[in-house]
Amino acid sequence: MYVLLVASAFNSLTQRVHAELRDHGHRVAVELALPGTGLADAVRGHRPDLVIAPMLRTAIPEEVWAAHTCLVVHPGPVGDRGPSSLDRAIQDGESRWGVTVLQANAEMDAGDVWASVACPVLPVGKSDLYRGEIADAALEAVLLAVERFASGTYTPRPQAGGRARPLLRQEDRRIDWAGDTTEGVLRALRAADSQPGVRDELLGGDWYLHGGHREERLRGRPGELLATRDGALCRATTDGAVWIPELRAPRRPGGPATPRLPATLALADRLPPLPEVPAPPHSGPHGPHHRAWSDIGYHEEGQAGFLSFSFPGGAMSTAHCRRLLDAYRTALTRPTAVLVLGGGRDFFSNGIHLGVIEASADPAEESWANINAMNDLVEAVLTTTDRLVVSALGGNAAAGGVMLALAADEVWCRSGVVLNPHYRLMGLHGSEYWTYTLPRRVGPALADRLTTEALPLSAAAALGLGLVDRTLRCPPGAFTGETDRLAARLAALPATASRIAAKKAARERDEAERPLADHRRAELAEMRRTFFDPSAPYHALRRAFVRKERLVSTPARPGGSPVSPRDVTGLAAPDAAPGPDCC
């Protein structure tokens with residue numbers, strides 16, 4: 001079938017639906033439902049067999065749903081209605097939730113049900129849950145609904161009852177530091193972790209708090225700032241404390257949106273002297289080995305080492321890259337045969353941190369520092385020849401984050417992962433040794449196609465292209481355990497020693513043919529020209545994305561060539577919509 005996706009943004013779920021429908025043999029295009037644009041005219045131009053709205057903040061016009069079957073993906077169980085479904089589920093402490101695919105009609109979220117799939121609500125942030133359990137349930141429901149629609153024999157069932165709940169506003173999210181327990185504070189923070197944040201007073205000013213993690217040991221007066229850790233703030237609750245990784249300043253009247261930043265960077269000189277409290281040894285962002293929160297952790301299972309990392313939104317600032325490189329070098333001192341990078345449940349990496357760059361005094365210089373720090377990290381992985389390195393992607397990756405993963409000897413992905421192995425949508429040539437690693441994986445022709453077409457890839461498609469080596473079909477929360485088991489088994493195999501020896505010889509041959517330094521020099525020459533050219537599109541694209549400036553039309557194909565409504569086997573027009581807050 002020809003399926004048209006209508007969305008408010010080409011976000012992670014829209015990308016995954018796009019990629020997986022294409023995997024199932026459907027022709028797919030996308031239209032962005034933007035303010036002031038004629039969505040009905042755009043849909044008429046496509047003449048689709050079916051319209052699906054994976055993420056839509058506005059109602060589908062009657063002239064569209066009256067003429068076409070329009071399926072809306074609602075992140076709530078049957079009967080749940082309203083724009084803050086997932087926020088309320090997390091803040092109310094629900095343990096089970098679901099996703100419903102329903103037919104658009106005159107009443108929001110009240111149409112007939114084509115499919116509904118239940119899922120657990122884990123104690124993680126809303127965006128993590130949305131990209132994980134919710135996205136898995138959504139894809140299962142969408143594929144079932146599409147199959148039922150294609151059969152021509154299925155009759156969707158009407159909703160009986162249900163309740164429409166209003167938007168969850170800041171007054172409903174407010175934290176009472178003098179009265180709320182740690183669990184209550186965490187629920188409020190997790191329900192707003194990416195957007196909109198929890199508005200709060202801090203050090204005499206208003207801030208939006210983003211993200212929250214439990215602290216096991218530190219205690220103080222409720223609301224008191226206790227310590228810092230790698231850019232995050234620790235704040236006391238009535239019965240414990242929480243770590244808050246990011247802050248965002250309120251938007252000034254008539255001004256642009258402000259970026260989320262590491263908390264200590266956002267506060268800058270407003271921050272009073274606080275102790276920097278490192279995480280205890282063998283702590284990290286996930287798993288039974290990691291009780292204390294940290295964005296970087298390390299543990300071992302037999303002859304396998306596991307260097308985990310989890311940065312908000314997958315964005316890696318200069319400081320993030322340098323700290324991860326230090327941790328990587330420390331991990332190389334351990335007597336292991338296999339070293340696993342990543343392994344967490346959410347984003348692997350999306351490359352350089354556009355928010356930190358945009359907020360810096362000199363974005364060109366910060367861009368340059370950030371891309372060099374990313375290159376240093378990738379180079380360290382590429383030049384590791386005394387053990388096998390595995391990249392374990394439990395969550396999505398894009399741009400330089402994909403190239404970081406490809407620097408390893410093997411790439412393992414959870415089945416729900418979406419990869420965006422390109423840079424063009426931010427106006428960049430790209431670096432991180434992609435001119436070496438990507439052709440080495442898929443050949444020069446396909447490498448050129450992937451980086452110029454700018455299409456998202458499902459994990460299954462990436463496996464078929466040779467971009468990844470293994471996909472693991474498991475829930476997001478099980479990925480760490482599966483990775484630990486497989487890596488420990490790989491390290492114990494007798495053949496691993498011979499693979500390590502062969503790897504070293506291959507690296508020496510490649511270096512003799514074209515040194516890594518030559519790839520780096522050529523790539524960075526292109527990047528430097530872009531960074532330090534004030535008229536380069538990168539600066540406007542970065543600023544528009546970080547500041548959340550509204551698009552006025554669905555973007556054209558990168559490069560500006562027109563897109564026909566039937567040009568759907570290649571790049572659909574809105575694939576040029578911005579992705580994660582990084583590159």
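Every value quoted in this text rests on a predicted model; they were computed, and no experiment measured them.
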Less than 3.5 Å apart, which donor and acceptor atoms pair up between the side chains of residues 525-532 and the rest of the protein, not counting sequence neighbours?
| unit_1 | atom_1 | unit_2 | atom_2 | d |
| --- | --- | --- | --- | --- |
| Glu526 | OE2 | Arg529 | NH2 | 3.3 |
| Thr530 | OG1 | Glu526 | O | 3.3 |

Determine whether a donor-acceptor pair (N or O, by modelled atom type, separation under 3.5 Å) exists between the side chain of Arg322 and the backbone of Ala373.
no

Does Arg27 make a cation-pi contact with Tyr2 (under 6.0 Å, within 45 degrees of the axis)?
yes

Sorted by chain and number, sequence neighbours left out, ring-ring contact (aromatic ring centres under 6.0 Å, His included) with Tyr436 holds for His519

Does Asp409 reach the side chain of Val390, with side-chain heavy atoms less than 4.5 Å apart?
no

Does Glu358 pair with Arg547 as a salt bridge, N-O distance under 4.0 Å?
yes

Could you please spell out the steps behind the side-chain hydrogen bond (donor to acceptor under 3.5 Å, both in side chains) verdict for Ser431 and Asn375?
CA-CA 7 Å; Ser431 188; Asn375 271 271; 2.9 Å; yes

Quick check on Arg470: does its CZ atom have over 12 non-hydrogen neighbours (other residues, nucleotides or ligands) under 6.0 Å away?
yes

Do Val30 and Leu4 come close enough that some side-chain heavy atom pair is under 4.5 Å?
no

side-chain contact (heavy atoms from CB on, under 4.5 Å) test vs Leu129 passes for just one of Leu86, Asp346, Asp193, namely Leu86

Distance check, rounded to the nearest 0.5 Å: Asp510 atom CG versus Arg440 atom CZ?
6.5 Å

Non-hydrogen side-chain atoms of Ile296 and Phe311 separated by less than 4.5 Å:
yes

Examine distances only and state if a side-chain atom of His68 and a backbone atom of Cys70 form a donor-acceptor pair shorter than 3.5 Å.
no

Can any side-chain N or O of Thr483 pair as donor or acceptor with the backbone N or O of Gly343 at less than 3.5 Å?
no

Distance-only side-chain donor-acceptor flag, Asp362 / Ser360, under 3.5 Å
no

Is a side-chain donor-acceptor pair under 3.5 Å present for Tyr130 with Ser194?
no

Just by distance, no angles: are the side chains of Glu410 and Trp412 close enough, under 3.5 Å, to form a donor-acceptor pair?
yes

Gap separating the CZ atom of Arg507 from the OG1 atom of Thr384, nearest 0.5 angstrom
11.0 Å

For residues Tyr328 and Arg323, determine if any side-chain heavy atom of one lies less than 4.5 Å from a side-chain heavy atom of the other.
no

Quick one, Ile357 with Ile352, criterion side chain to side chain contact (heavy atoms under 4.5 Å, CB included). Give me CA distance, side-chain angles, the key distance, then yes/no.
CA-CA 8 Å; Ile357 290 169; Ile352 60 177; 3.9 Å; yes

Roughly how far, to the nearest 0.5 Å, is the CG atom of Leu446 from the CG atom of Leu438?
7.5 Å

Backbone N/O of Ala304 and side chain of Thr336: donor-acceptor pair under 3.5 Å
no

Hey, mind stepping through Leu71 and Val51 against side chain to side chain contact (heavy atoms under 4.5 Å, CB included) and telling me if it holds?
CA-CA 6 Å; Leu71 304 185; Val51 176; over 6 Å; no

Interatomic spacing from OG in Ser391 to CZ in Phe348 - rounded to 0.5 Å
4.0 Å

What heavy-atom pair brings Ser458 and Ala19 nearest, and what distance separates the two atoms?
N-CB, 3.7 Å

Do His74 and Leu56 make a side-chain contact, defined as non-hydrogen atoms from C-beta onward lying under 4.5 Å apart?
no

Between atom CG of Leu388 and atom CZ of Arg499, what is the distance when rounded to the nearest 0.5 Å?
5.0 Å

How would you list, by chain and number, every residue that makes a ring-ring contact (aromatic ring centres under 6.0 Å, His included) with His539, sequence neighbours excluded?
none

Please say whether more than 12 non-hydrogen atoms of neighbouring residues, nucleotides or ligands are located less than 6.0 Å from CD in Glu511.
yes

For Asp326, the side-chain hydrogen bond (donor to acceptor under 3.5 Å, both in side chains) test, sequence neighbours excluded, returns none

Given side-chain hydrogen bond (donor to acceptor under 3.5 Å, both in side chains), test His46 with Glu31 step by step and report yes or no.
CA-CA 9 Å; His46 281 274; Glu31 280 292 339; 2.9 Å; yes

Does Asn350 reach the main-chain N or O of Ala398 with its side chain, forming a donor-acceptor pair under 3.5 Å?
yes

Would you find a donor on one side and an acceptor on the other, under 3.5 Å apart, between the side chain of His18 and the backbone of Gln15?
no

In terms of heavy-atom contacts, His26 and Met1 come closest through ND1-N, 3.3 Å

Please determine whether side chain to side chain contact (heavy atoms under 4.5 Å, CB included) holds for the pair Leu39 and Val6, giving the CA-CA distance in whole Å, both sets of side-chain angles, and the decisive distance to 0.1 Å.
CA-CA 9 Å; Leu39 182 60; Val6 174; 3.8 Å; yes

Measure from the side-chain N and O atoms of Asp295 to the backbone N and O of Pro245, and report whether any donor-acceptor pair falls under 3.5 Å.
no

For Leu419, does its backbone N or O pair with a side-chain atom of Asn396 as donor and acceptor, under 3.5 Å?
no

Kindly indicate, with the supporting measurements, whether the criterion side chain to side chain contact (heavy atoms under 4.5 Å, CB included) is fulfilled by Leu393 and Val402.
CA-CA 10 Å; Leu393 282 63; Val402 175; over 6 Å; no

Shortest non-hydrogen separation from Val411 to Ala405 and the atoms involved:
CG2-O, 3.4 Å

Nearest non-hydrogen partners of Ile500 and Thr385, listed with the distance:
CG2-O, 3.5 Å

Could you tell me whether Asp23 and Arg16 have a side-chain N and a carboxylate O separated by less than 4.0 Å?
no

Assert yes or no for the condition that the ring centre distance of His422 to Trp434 is strictly below 6.0 Å.
no

When rounded to the nearest 0.5 angstrom, what distance separates CD1 in Ile134 from CG in Leu13?
9.5 Å

Please examine the side chains of Leu324 and Leu377, heavy atoms only from C-beta on, and report whether any two atoms are closer than 4.5 Å.
yes

Under a 4.0 Å threshold between the charged nitrogen and the carboxylate oxygen, would Asp484 count as salt-bridged to Arg489?
no

Can you list the residues that meet the side chain to side chain contact (heavy atoms under 4.5 Å, CB included) rule with Leu493, with sequence neighbours excluded?
Leu490, Thr496

Hey, is the main chain of Thr471 close enough, under 3.5 Å, to the side chain of Arg414 for a donor-acceptor pair?
no

Treating Arg449 as the side-chain partner and Ala454 as the backbone partner, does any N or O pair qualify as donor plus acceptor under 3.5 Å?
no

Sequence neighbours excluded, the answer for side chain to side chain contact (heavy atoms under 4.5 Å, CB included) partners of Asp518 is Arg514, Pro515, Arg521

Evaluation steps, side-chain hydrogen bond (donor to acceptor under 3.5 Å, both in side chains), between Asn11 and Arg131:
CA-CA 10 Å; Asn11 73 335; Arg131 286 185 290 269; over 6 Å; no

Note, Glu508 side chain near Glu513 side chain (heavy atom, < 4.5 Å):
no

Mind checking whether Trp114 and Leu144 have side chains closer than 4.5 Å, heavy atoms only?
no

